[in-house]
Structures are given as C-alpha cells and as structure tokens.
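Presented below is the structure to which this report refers.
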Amino acid sequence: MSFDLVLFGGTGDLAWRKLLPALFQAFRHGSLPEGGRIIGVARDDLSDAAYRDLIASRFDAVIQEKRPTAEEFERFAALLQYQRMDLSKPEDYAQLAERLRERNADTVVMYLATAPGLFTTACEQLGAAGLATPKTRVVLEKPLGHDLESNRAINAAVRRVFREEQIFRIDHYLGKPAVQNLLALRFGNVLFEPLWRREMVASIEITMAEKLGVEKRGAFYDGTGALRDMVQNHALQLLCAIAMEPPINATADAIRDEKLKVLHSLVPWTPATLARDVVRGQYTAGSTGGERVPGYAEETGVPADSRTETFVALRTQIANWRWAGVPFFIRTGKRLAAHEAHIAINFRATPHPIYRTPIGAANRLVIHLQPRDGVALHLFAAGQDKRSARAAEAQSLAQVHLDLDFEQRFGTERVGAYERLLLDVIAGRLNLFVRADEQEAAWRWVEPIMQSWQESNEGPRPYAAGTWGPAAASAMVAREGHSWIEES
C-alpha cells in the first residue's frame with residue numbers, strides 16, 4: 001500500500017522530537033508500509049537535501065538508544081521531501097495538490113502538527129484545493145480548542161471538509177503500550193473482571209507527574225494550564241479505559257461508545273464539590289535532583305502575577321451500578337518529586353481480618369505507564385524472615401509484589417506511542433483515537449472547574465518544586481481514609 005504523509009509543521013518541535021523519530025523507528029522495525037513518502041511542510045525556505053540534513057542533525061539529540069547508523073538514516077531519508085508553504089495561501093495548496101497527483105498514492109495523510117488556530121484554515125484550504133478526497137485522512141493534535149465552544153467550532157469546521165471516519169484526533173497516551181495492555185488485562189483475562197467493581201474496589205488513583213517545569217514553553221503554557229493540558233484529555237481518557245463496560249467487540253465505535261457512557265456518567269460539579277474536591281497549585285522555587293530551580297512565576301514568558309495552575313488534583317465519582325460510591329482521584333503536575341505516570345486500583349480490605357497486615361497497606365494493582373512500563377500486583381504473604389520469628393505467632397503478614405516489566409518480557413524494541421498511532425492512521429484504524437462527542441463530553445465536564453477558578457478571588461496554592469504538590473491534595477484524599485500511593 002503506497003502512502004503520502006504530509007507533515008504540516010514539518011520543522012517544528014513536535015515533528016523532529018516525536019513524529020519523525022517514530023516514523024524512523026517504524027521504518028527500522030519494518031512495519032512502515034513500503035511505497036511511502038513523507039513530505040515536510042513549513043514556511044522555511046529549504047530544499048529536500050537541506051530538510052534531510054536538518055532532521056539528521058536533530059536525530060542525534062532525540063534518539064538516545066540505538067541511534068541510526070549513517071546507512072540506516074540514508075535509507076530512511078530517501079522517503080523525506082520538503083515543500084515550502086504558507087498555510088493561508090491557496091496557491092501553495094494548489095502546488096501541493098499537483099505534487100500529490102503526480103504519485104497518486106493509495107492513502108494520503110494530512111498531519112496538522114501546527115497551532116490549533118490553524119486547523120480550521122488548513123482544512124478549509126485542503127477542501128478548496130480538492131485535497132479532501134475519500135482516501136485522505138487528517139490528524140489533529142491537541143489541544144483541540146480551549147473550551148467547549150472553541151472545541152465545537154473547530155470540529156464543525158473540520159467536519160465540513162472531512163467525514164468523521166477520516167478525522168484522527170490524537171492523544172498519545174492512548175498509544176502507550178501500558179494503556180493498550182490495560183484493555184487487554186481487563187477484557188482478555190477472566191481473572192480481574194469479577195473484581196473490577198464497587199464491591200471489591202475501594203478507590204482508584206490516576207497520577208501523571210513530571211519533574212520538569214515549563215522549560216522554554218512558558219508563554220504557551222500560561223495560556224493553557226494543567227487542567228486543559230492533561231486532565232481534559234489524557235487523564236479522562238485513562239479514566240474511561242479503567243471504568244468502561246466491556247464493548248461488544250473490538251471495533252473503534254464499540255470501544256468509543258463505551259468510553260462516552262463513562263464521560264456522561266461522571267457526577268456533575270456543584271459549588272460544594274468544586275470547593276471541596278478540586279485542588280489547584282503552582283510551583284515555587286525549590287530543588288529537584290539537588291539542583292535549585294526557579295518558581296513558575298519566574299519562568300521565561302510567564303507573568304509575575306500569573307494564576308495559571310501547574311498542578312491539579314481532584315476527586316470524582318461515576319454514577320452507575322458498577323462504580324457507585326467509588327472515589328476516583330486524579331493528580332497531575334509539573335516540578336513534582338518524580339517523573340512517573342501510573343494507575344492504582346486499591347482493593348477493599350478483607351471483611352473479617354484474621355491476620356495482622358502493615359498499617360496503610362492494601363491489595364493493589366498498579367499499572368505503570370512511564371518511565372517504566374508494566375503491571376505490579378501487591379499481595380500479602382506470610383513472612384519467612386528469620387529476624388521475624390515471632391511473625392507466625394502474631395499471625396502477621398508482609399506485603400509482597402508480583403511485578404511484570406513489559407520491557408523485560410517483550411524486549412526494549414517495543415512499539416512506541418507515536419509509532420503505533422502513526423501506523424494506525426496509515427492503516428485507517430480509529431480504535432486509539434478520540435471521537436468528537438468524547439471530546440465535547442470531556443470539555444463539558446471540566447468547564448465548571450475553569451469557570452469557578454475565573455470567578456474565584458483565590459489563586460493556585462503554592463508548592464515547592466521537587467515535592468508532591470500542595471498539602472491540600474493529600475488532605476482531600478485522607479478525608480475518606482485513602483492516601484496517594486507514595487504515602488501508603
């Protein structure tokens with residue numbers, strides 16, 4: 001199957017940090033279909049050769065393990081071409097159309113790795129130039145709007161040109177192997193499904209923590225914040241994967257129908273729950289890894305009086321029979337104590353304990369998303385330590401872990417998130433992409449939080465860089481007798 005992948009924003013950070021390395025890895029693994037061509041599009045005045053040299057120079061910085069040899073990159077670079085384009089000029093789209101007609105590939109992918117404000121213009125121009133054919137697919141990067149109204153406007157504009165089945169709204173978290181294994185764990189094994197309900201689960205935690213600050217993206221981040229950047233998309237998609245009912249089959253719409261039901265079942269916010277169950281924070285100067293780092297308001301491009309949140313923790317519930325009464329805790333932030341993402345399923349205590357167990361310990365299933373990729377099951381067992389000879393007399397148990405590391409089991413050459421998603425776009429598989437009604441439901445649920453912050457006289461709570469966020473986040477969880485995983 002021949003394909004043309006047109007990469008709008010072809011010289012931007014996303015292109016050379018994520019997309020082109022992912023395409024190279026697919027090429028290296030032999031999974032990129034033969035007969036492909038990748039056309040970088042940007043306003044820079046470059047030749048094909050100069051574009052290849054630019055990408056080659058950037059690869060050294062981003063591909064840390066098993067870097068490409070000169071021969072490997074030369075073969076991959078043969079797929080790369082470049083076209084200078086101003087996305088507001090119809091004549092530039094006409095030139096692109098002529099270039100694509102020369103080859104007449106089986107599939108054409110338009111990847112819009114641009115600012116979201118250009119999505120509408122680009123799609124309208126693609127339609128006017130006759131480039132929105134049945135064999136065309138368009139990929140939209142996040143953020144898709146900054147609120148419900150802008151999200152609807154972008155989706156409406158794109159759907160005037162492309163059918164829903166041609167639109168691939170990308171969320172790279174859904175491409176992570178651990179997220180795919182979450183669905184396999186639930187729906188490919190009979191072992192866990194009977195436990196996956198309110199009778200057995202005490203609480204669920206979703207944590208997405210970063211040690212880094214905003215780096216050089218202060219001006220962009222200040223207009224976004226952690227709620228829009230992480231919760232509205234990544235966190236809610238993970239919540240849907242955990243909480244959804246088994247779909248009738250593995251087709252895209254069957255899976256997305258079940259995710260949509262979860263979003264519609266999230267308990268709506270009230271003034272009382274907004275005040276009690278949502279914590280926003282902003283990092284101040286502190287230390288990470290022994291290095292002193294500035295506070296958010298001191299970062300380049302950030303106003304000194306900024307009220308933008310770099311941390312969000314919240315508690316929510318799902319109003320259905322499976323999950324009624326089970327609290328879901330979501331936490332994300334920058335400049336935290338660790339770089340990791342995980343989902344913790346905390347099971348209820350035994351109804352009548354006859355053994356002593358460590359204080360605060362519980363049966364727990366932890367799905368690790370990054371930097372490690374695997375599953376750990378926390379159980380209790382009788383200790384065999386000679387130094388604890390009295391353990392048998394006291395009927396005490398110790399906590400043990402059954403730990404499955406996917407990299408050790410399947411090897412380090414696993415398919416990365418963007419690699420998997422790009423291959424799915426080329427193949428036309430929509431399972432790991434977000435439908436418009438999912439996005440709208442997610443925006444509708446987070447909008448009351450944004451509105452309450454706009455109307456509030458209080459700014460975000462400060463927390464020192466290198467910590468786990470404001471103390472209020474721990475207090476919110478502790479009120480119900482639970483704790484974050486690092487505190488238990």
Side-chain angles (χ1 to χ4, degrees), residues 1-10 14-15 19 33 36-41 83 85-90 92-101 103-145 148-172 174-175 233 251-253 255-257 259-260 418 421-443:
M1 179 191 73
S2 62
F3 72 89
D4 280 336
L5 194 157
V6 183
L7 186 52
F8 292 82
L14 181 63
L19 303 179
R37 177 173 64 166
I38 303 163
I39 304 174
V41 167
Q83 179 161 328
M85 278 187 67
D86 182 330
L87 299 191
S88 65
K89 293 185 176 180
D92 287 359
Y93 289 87
Q95 292 177 8
L96 176 63
E98 183 60 33
R99 189 169 192 165
L100 295 175
R101 276 194 292 268
R103 226 168 70 94
N104 194 28
D106 298 324
T107 299
V108 177
V109 176
M110 303 292 183
Y111 199 118
L112 302 185
T114 66
L118 294 173
F119 289 172
T120 297
T121 298
C123 288
E124 289 173 347
Q125 294 285 4
L126 288 170
L131 287 169
T133 68
K135 65 181 181 181
T136 305
R137 293 159 193 159
V138 61
V139 184
L140 306 177
E141 269 286 347
K142 78 169 187 74
L144 210 66
L148 178 60
E149 182 180 359
S150 58
N151 173 260
R152 282 174 166 168
I154 292 173
N155 275 322
V158 175
R159 284 199 296 260
R160 283 195 291 269
V161 181
F162 296 98
R163 301 188 309 275
E164 179 64 31
E165 59 267 28
Q166 294 177 281
I167 304 170
F168 291 71
R169 299 172 189 84
I170 200 164
D171 184 330
H172 73 270
L174 296 183
N233 40 67
T251 60
D253 278 334
I255 292 171
R256 297 191 292 185
D257 285 347
K259 289 197 295 178
L260 183 63
Y418 270 109
L421 294 172
L422 285 163
L423 291 174
D424 280 1
V425 174
I426 293 169
R429 293 187 290 263
L430 283 158
N431 297 49
L432 299 179
F433 296 85
V434 183
R435 206 166 57 191
D437 50 4
E438 289 181 74
Q439 282 190 332
E440 290 189 12
W443 277 117

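Both backbone and side-chain heavy atoms feed into the values below; hydrogens, waters and symmetry mates do not.
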Donor-acceptor pair, [X] side chain versus [Y] backbone, under 3.5 Å?
{"X": "Glu124", "Y": "Val161", "answer": "no"}
{"X": "Asp4", "Y": "Ala105", "answer": "no"}
{"X": "Asp106", "Y": "Phe3", "answer": "no"}

Can you find a pair of side-chain heavy atoms, one from [X] and one from [Y], that are under 4.5 Å apart?
{"X": "Val6", "Y": "Leu96", "value": "yes"}
{"X": "Tyr111", "Y": "Ile170", "value": "yes"}
{"X": "Leu112", "Y": "Cys123", "value": "yes"}
{"X": "Phe8", "Y": "Leu126", "value": "yes"}
{"X": "Leu100", "Y": "Arg37", "value": "yes"}
{"X": "Val109", "Y": "Val139", "value": "yes"}
{"X": "Glu440", "Y": "Asn151", "value": "yes"}

- Item | Test: Glu98 and Arg101 ion pair at under 4.0 Å | yes

Let me confirm one number: the [atom1]-[atom2] distance from [X] to [Y], rounded to the nearest 0.5 Å.
{"X": "Ile38", "Y": "Leu19", "atom1": "CD1", "atom2": "CG", "answer": "10.0 Å"}
{"X": "Asp253", "Y": "Leu430", "atom1": "CG", "atom2": "CG", "answer": "7.5 Å"}
{"X": "Asp437", "Y": "Asn155", "atom1": "CG", "atom2": "CG", "answer": "9.5 Å"}
{"X": "Leu421", "Y": "Leu432", "atom1": "CG", "atom2": "CG", "answer": "6.0 Å"}
{"X": "Gln439", "Y": "Leu144", "atom1": "CD", "atom2": "CG", "answer": "4.5 Å"}
{"X": "Ser88", "Y": "Gln125", "atom1": "OG", "atom2": "CD", "answer": "7.5 Å"}

- Message: Going by side-chain contact (heavy atoms from CB on, under 4.5 Å), Arg435 matches just one of Ile255, Asp257, Ile167. Which one?
- Response: Asp257

- Message: Checking salt bridge (charged side-chain N to carboxylate O under 4.0 Å, His left out) between Arg169 and each of Glu438, Glu141, Glu164, which is the one that passes?
- Response: Glu164

Which heavy atom of [X] sits nearest a heavy atom of [Y], and at what distance?
{"X": "Gly10", "Y": "Ala15", "answer": "O-CB, 3.6 Å"}
{"X": "Ala132", "Y": "Gly127", "answer": "CB-CA, 4.2 Å"}
{"X": "Gly9", "Y": "Thr114", "answer": "N-CG2, 4.0 Å"}
{"X": "Leu131", "Y": "Thr136", "answer": "O-OG1, 2.9 Å"}
{"X": "Val434", "Y": "Arg256", "answer": "C-NH1, 3.8 Å"}
{"X": "Ala113", "Y": "Leu14", "answer": "CB-CD2, 3.8 Å"}

- Would you find more than 12 non-hydrogen atoms of other residues, nucleotides or ligands less than 6.0 Å from Lys89 atom NZ? no

- Would you please classify the geometry between the Phe168 ring and the Phe433 ring as parallel, tilted or perpendicular, with 30° and 60° separating the classes? perpendicular

- Verdict with supporting geometry, Trp443 and Glu149, side-chain contact (heavy atoms from CB on, under 4.5 Å): CA-CA 9 Å; Trp443 277 117; Glu149 182 180 359; over 6 Å; no

